[in-house]
Amino acid sequence: MNLNKLLSSIEIEKIYGNTEIEIESIEFDSRKIKDNSLFVALKGNESDGHNYIDKAIKAGATAVLAEQLPEVLDESTAYIVTKDTHESLGIMASVFYGNPGSKMKLVGVTGTNGKTTTATVLYETFMELGYNVGLISTVVYKIGKKEFESTHTTPDPLSLNLLLSKMVEESCEYCFMEVSSHSIIQKRISGLCFTGGIFTNITHEHLDYHETFAEYIKAKKIFFDELPKRSFALVNSDDKNGSVMVQNTRARVFTYGLKNQSDFKVKIIEKMFDGMELLINNTEVWVKFTGGFNAYNLAAVYGTAVLLGADENEVLRILSGLNSVSGRFETIRSQNGITAIVDYAHTPDALENVISAINEIRESGQKLITVIGCGGNRDTTKRPVMAGIATENSDITILTSDNPRMEDPKSILSEMEKGVYSGSKYLIIEDRREAIKTATILANTGDVILIAGKGHEDYQIIGKEKIHFDDREEVKKIWNIE
């Protein structure tokens, strides 16, 4: 693509050199540079791309986009100065790949919890409605029925727009994607045209990155601030920050919820471990999901589908036949009647929601044994909070390891133990495999084991090594389930 065409889409402060050249690729990683590349220098948390400009040029870059230029310029290279290379990269990536986000109906889902379930169930619903659909989630990327490994909740701008362009090539009419707070702040979604945005909820998370809860809220709000007038914003009316999200949006605002008045109202009639009876806008439907948090997710799915023009009754029919999302309240039952629930809950709010759902369903005399850990090199303030929630609301809690990364697992567990509820029964078993095995030994017929934190993940990150480990596989091995 002609460099001038790319540059016409962004704000430029200065240009040095000849920009009437052809660009064959855009890269922000100097190690990926090929001949005739445009290198975009990004300032990151751990490194600054401006320090690799000369390396990129030596590798074949013929143009450089940066916020500051090196003291000595190469005469054969075009240099462009812009105020914000992160935003410029997103916009140019979209232009380079033919503005794929504008060629289908793109819906973004943001919030602390529920993003994966909401986006995935929307994908499944619209596939069942007969459309070809794309999905970008924490668990997997999908183009129609083709699956690709997920690398990030929201990919970098180049990977994201390449993925969207492949969806357009495969005639996808819709794409449902998770939009993380990191991606909003880092402007990975700049240049994309959203048909709609969904706000699930906002609770304690990612304060290692955003530093304060106010900044975390602000990050989420930016997504709705930037929605175009013709799009819709669907927000959780029961979350006190739902109205904050849409204070300055130009989009058409709609609401969903269980408690407060809303456009798409849901009521839980009955809950069981294998599903629940819901009343959605005065129509009863049985679904294979359980828990109040899933009622919210399904309300968001229903509302979005209707706003996108789907028939209400057809949507309800489809929802009644769908299964819960991988690693989200996923149940495994032993031959002697013990229920294990594997869930991705890794925030205080998500953990509390899952435990509450279990406690509302289990009967008197049925114990709840919770296995929980906290990740290393992540928000440390939630560690004692997570342990407190687990120990206060479970009969037995086992504190264990969960992706310790570069931290000492014992140190993480020590921080968790500070929040243990007074008088509760708990064990500390660092080895996650042993912790799960111990939970199954302690459980009797009718008891429930919650294994929280990892859900769909099939690995443990210990140090810099990624080792295969799947909570579901571990339970099935212990119980001899194929």
Side-chain angles (χ1 to χ4, degrees), residues 1-97 99 151-152 154-162 179-192 206 208-212 214-216 218-219 221-223 225-226 377:
M1 180 175 285
N2 185 276
L3 178 57
N4 280 326
K5 183 177 180 181
L6 277 175
L7 298 180
S8 66
S9 62
I10 65 171
E11 293 184 13
I12 297 170
E13 294 185 342
K14 293 178 184 177
I15 293 177
Y16 300 88
N18 177 29
T19 55
E20 193 57 45
I21 57 175
E22 291 298 311
I23 295 298
E24 294 181 14
S25 70
I26 305 173
E27 302 292 351
F28 60 88
D29 184 340
S30 60
R31 295 167 296 185
K32 295 182 179 179
I33 290 291
K34 301 180 284 288
D35 288 343
N36 302 317
S37 290
L38 165 63
F39 175 65
V40 182
L42 302 179
K43 291 180 180 177
N45 293 328
E46 297 180 359
S47 63
D48 186 346
H50 291 78
N51 297 328
Y52 298 90
I53 290 175
D54 290 339
K55 180 182 177 182
I57 293 169
K58 289 177 183 176
T62 50
V64 172
L65 181 73
E67 294 173 15
Q68 298 102 26
L69 297 182
E71 292 182 7
V72 180
L73 303 184
D74 181 86
E75 292 182 1
S76 62
T77 304
Y79 295 88
I80 304 95
V81 180
T82 188
K83 186 178 180 181
D84 188 337
T85 50
H86 283 274
E87 184 172 19
S88 295
L89 175 61
I91 294 169
M92 289 193 303
S94 182
V95 172
F96 188 79
Y97 286 106
N99 296 303
T151 55
H152 294 82
T154 311
D156 69 77
L158 294 171
S159 301
L160 176 56
N161 280 278
L162 174 60
V179 178
S180 68
S181 57
H182 292 68
S183 73
I184 296 168
I185 291 297
Q186 294 169 10
K187 302 183 179 178
R188 296 181 215 161
I189 58 172
S190 292
L192 297 183
H206 298 309
D208 54 322
Y209 181 81
H210 298 287
E211 295 186 353
T212 67
E215 285 299 311
Y216 182 38
K218 183 179 176 182
K221 184 177 179 297
I222 290 170
F223 173 61
D225 289 348
E226 296 181 352
N377 303 113

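Hydrogens, waters and symmetry mates play no part in the numbers below; they use all other heavy atoms, side chains included.
With values rounded to the nearest 0.5 angstrom, Y79 atom OH is found 5.0 Å from D74 atom CG. Here E22 contributes atom CD and L38 contributes atom CG; the two are 12.5 Å apart, rounded to the nearest 0.5 Å. To the nearest 0.5 Å, the span separating OG on S9 from CG on N4 amounts to 11.0 Å. For the atom pair T154 OG1 and L192 CG, the distance stands at 10.0 Å (nearest 0.5 Å). Distance CE/M92 to CG/N161: 11.5 Å, rounded to 0.5 Å. With rounding to the nearest 0.5 angstrom, the CZ atom of F96 is 8.5 Å from the CD1 atom of I23.
When all heavy atoms of D35 and A59 are compared, the pair lying nearest together is OD1-O, 4.1 Å. Residue L3 comes nearest to A63 through the heavy atom pair CD2-CB, 3.8 Å, listed as atom of the first residue, atom of the second, then distance. The nearest pair of heavy atoms linking F39 to S30 is CE1-N, 3.7 Å. In terms of heavy-atom proximity, A41 sits nearest to A66 at CB-CB, 4.1 Å. Across S88 and T82, no two heavy atoms sit closer than the pair OG-OG1, 3.3 Å. I33 and S37 get closest at one heavy-atom pair: CD1-CB, 3.9 Å.
The backbone N or O of K5 lies less than 3.5 Å from a partner atom in the side chain of S8, making a donor-acceptor pair. Side-chain atoms of D48 do not come within 3.5 Å of backbone N or O of N51 as any donor-acceptor pair.
Applying the salt bridge (charged side-chain N to carboxylate O under 4.0 Å, His left out) criterion to D84, with sequence neighbours excluded, gives K187. A search for ring-ring contact (aromatic ring centres under 6.0 Å, His included) contacts involving F28 returns nothing, not counting sequence neighbours.
Under a cut-off of 6.0 angstrom, the local environment of NZ in K43 is crowded, with over 12 non-hydrogen atoms contributed by other residues, nucleotides or ligands. For Y97, the OH atom is densely surrounded, since the number of other residues' heavy atoms within 6.0 Å is greater than 12. The number of heavy atoms from other shown groups lying within 6.0 Å of NE2 (H50) is above 12. Q68 CD: more than 12 foreign heavy atoms inside a 6.0 Å radius. Atom CD of E13 has more than 12 heavy atoms from other residues, nucleotides or ligands within 6.0 Å.
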Check the pair N99, V95 against side chain to side chain contact (heavy atoms under 4.5 Å, CB included), reporting the backbone distance first and the verdict last.
CA-CA 5 Å; N99 296 303; V95 172; 4.1 Å; yes
Evaluation steps, side chain to side chain contact (heavy atoms under 4.5 Å, CB included), between L65 and L6
CA-CA 11 Å; L65 181 73; L6 277 175; over 6 Å; no
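Note on K34 versus E24: no salt bridge recorded, every NZ/NE/NH1/NH2 to OD/OE distance being 4.0 Å or above.
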